Amino acid sequence: MSLVELIAQADERGLAASGLACLDRCVPLLGGDDEILRPLWASLVDGDAWEGRLEQARAKLDSGDRAPTGARVGADGAADRVPAGPGRPASAAAALRDEDEASALARRMLDAVPAQPSFAGLRAWADGCSVAALQIHRLLDAADDGSSSVSARREGRTDGMSPLVAAELRRQVTILELLADHGAGGLRPALDVCTEGRRVLRAVVSRRARGRA
């Protein structure tokens with residue numbers, strides 16, 4: 001079954017876990033630590049305090065907010081992109097643009113979390129997070145994905161996928177299958193899958209930062 005089909009068939013808990021897992025894996029792009037979204041995972045278990053825990057997570061991430069990688073902050077507080085120029089080859093500038101875009105996508109995922117979850121709201125959020133997370137991995141992968149759009153990947157056309165995109169697609173599918181097969185009992189293994197993915201992305205972000213040093 002394709003990722004699109006799994007999302008279409010997911011219940012509210014599956015949709016919430018899918019969207020939250022996509023966001024959690026991308027937390028390194030927001031400067032967050034590994035535990036910052038753990039209270040929201042707890043809300044999926046106990047069904048309580050989602051809105052309050054979401055506000056706390058956003059406050060913590062906003063307090064550490066900074067200009068995207070490859071940007072400088074102007075006197076008015078706006079982030080200006082570092083242009084290509086002497087000592088900064090075009091390839092380096094392109095890499096910085098990719099990182100900026102990836103960070104912006106992660107921020108949009110966080111901003112779009114529904115404060116009062118409904119079936120329709122969670123479906124729209126989970127679907128958007130799925131696309132954004134795949135695009136983030138595509139942007140940060142050193143290898144070419146071989147596709148102009150992540151939509152084909154979500155629909156099951158997987159030939160020529162780059163390693164990071166393939167791994168992210170596999171994690172998204174696995175998490176939805178765990179929740180579909182085990183309900184609330186699938187949350188613990190889903191969190192484990194998410195943790196593995198976050199570690200991978202954190203390592204990718206760190207490696208790219210060392211490459212610019």
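Starting from 1, each residue takes its place in the sequence as its number. Basis for what follows: all heavy atoms, side chains included, without hydrogens, waters or symmetry-related copies. The model shown is predicted, which means the values in this text are computed figures rather than measured ones.
Judged purely by atom type and a 3.5 angstrom limit, Ser18 has no side-chain atom pairing as donor or acceptor with the backbone of Gly14. Between the side chain of Gln135 and the backbone N or O of Leu105, no donor-acceptor pair lies under 3.5 Å. Trp125 places a side-chain N or O within donor-acceptor distance of the main-chain N or O of Met109, the cut-off being under 3.5 Å. Looking only at distances, a side-chain donor or acceptor of Ser103 sits under 3.5 Å from a matching main-chain atom of Glu99. Proximity of a side-chain donor or acceptor of Arg153 to a complementary backbone N or O of Asp159 within less than 3.5 Å is detected. Between the side chain of Arg123 and the main chain of Ile7, a donor-acceptor pair closer than 3.5 Å is present.
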What do the steps show when you test Leu37 against Arg198 for side-chain contact (heavy atoms from CB on, under 4.5 Å), and what is the final call? CA-CA 12 Å; Leu37 297 181; Arg198 186 175 59 246; over 6 Å; no

Give the C-alpha distance, both sets of side-chain angles, the deciding distance and a yes or no for side-chain contact (heavy atoms from CB on, under 4.5 Å) between Arg107 and Leu30. CA-CA 7 Å; Arg107 170 56 61 180; Leu30 299 174; 4.1 Å; yes

Check the pair Val27 / Asp34 against side-chain contact (heavy atoms from CB on, under 4.5 Å), numbers first and verdict last. CA-CA 8 Å; Val27 153; Asp34 290 346; 5.8 Å; no

Criterion side-chain contact (heavy atoms from CB on, under 4.5 Å) on Leu40 and Asp24, from CA distance to verdict: CA-CA 10 Å; Leu40 285 173; Asp24 203 351; over 6 Å; no

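In terms of heavy atoms, Leu3 sits closest to Ser130 at CD2-OG, 3.3 Å. Heavy atoms only, all atoms of each residue included: Ala143 and Ser162 are closest at O-CB, 3.8 Å. Among all heavy-atom pairs drawn from Ser43 and Arg53, the shortest one is OG-NH1, 2.8 Å. Considering all non-hydrogen atoms of both residues, Leu110 and Leu23 come closest at N-CD1, 3.9 Å. Residue Trp41 comes nearest to Ala17 through the heavy atom pair CH2-O, 4.0 Å, listed as atom of the first residue, atom of the second, then distance. The nearest pair of heavy atoms linking Arg25 to Cys194 is CG-O, 3.4 Å.
Applying the salt bridge (Lys or Arg N to Asp or Glu O under 4.0 Å) criterion to Asp48, with sequence neighbours excluded, gives no partner residue. Residues that satisfy the side-chain hydrogen bond (donor to acceptor under 3.5 Å, both in side chains) test with Arg58, not counting sequence neighbours, are absent from this structure. Residues meeting the salt bridge (Lys or Arg N to Asp or Glu O under 4.0 Å) test with Glu155, sequence neighbours left out: Arg157. Qualifying salt bridge (Lys or Arg N to Asp or Glu O under 4.0 Å) partners for Asp127, counting only residues two or more places apart in sequence or in other chains: Arg154.
Put simply, Val4 and Met1 are part of two different groups of oily side chains (I, L, V, M, F, W, Y) that touch within less than 4.5 Å, one to the next. Under a hydrophobic-cluster definition in which Ile, Leu, Val, Met, Phe, Trp and Tyr are linked whenever side-chain heavy atoms come within less than 4.5 Å, directly or via other members, Val193 and Leu134 are assigned to the same cluster.
Arg97 CZ to Glu101 CD: the interatomic distance, rounded to the nearest 0.5 Å, is 10.5 Å. Note that OG1 of Thr195 is 5.5 Å distant from CZ of Arg38, once rounded to the nearest 0.5 Å. Atom-to-atom distance recorded for Asp62:CG and Asp111:CG is 7.5 Å, nearest 0.5 angstrom. Rounding to the nearest 0.5 angstrom, the gap separating the CE atom in Met161 from the CD atom in Glu168 is 11.0 Å.
Residues Leu201 and Leu29 are in side-chain contact: their nearest non-hydrogen atoms beyond the backbone lie under 4.5 Å apart. Residues Val205 and Arg208 are not in side-chain contact: their nearest non-hydrogen atoms beyond the backbone lie 4.5 Å or more apart.
Pairs of residues two or more places apart, or lying in two chains, that qualify as salt bridge (charged side-chain N to carboxylate O under 4.0 Å, His left out) and include a residue from residues 182-193 are Arg188-Asp192.
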Show every donor-acceptor pair shorter than 3.5 Å between a side-chain atom in residues 173-186 and any protein atom, with sequence neighbours excluded, or say none if there are none.
residue	atom	partner	partner atom	Å
Thr174	OG1	Arg170	O	2.8

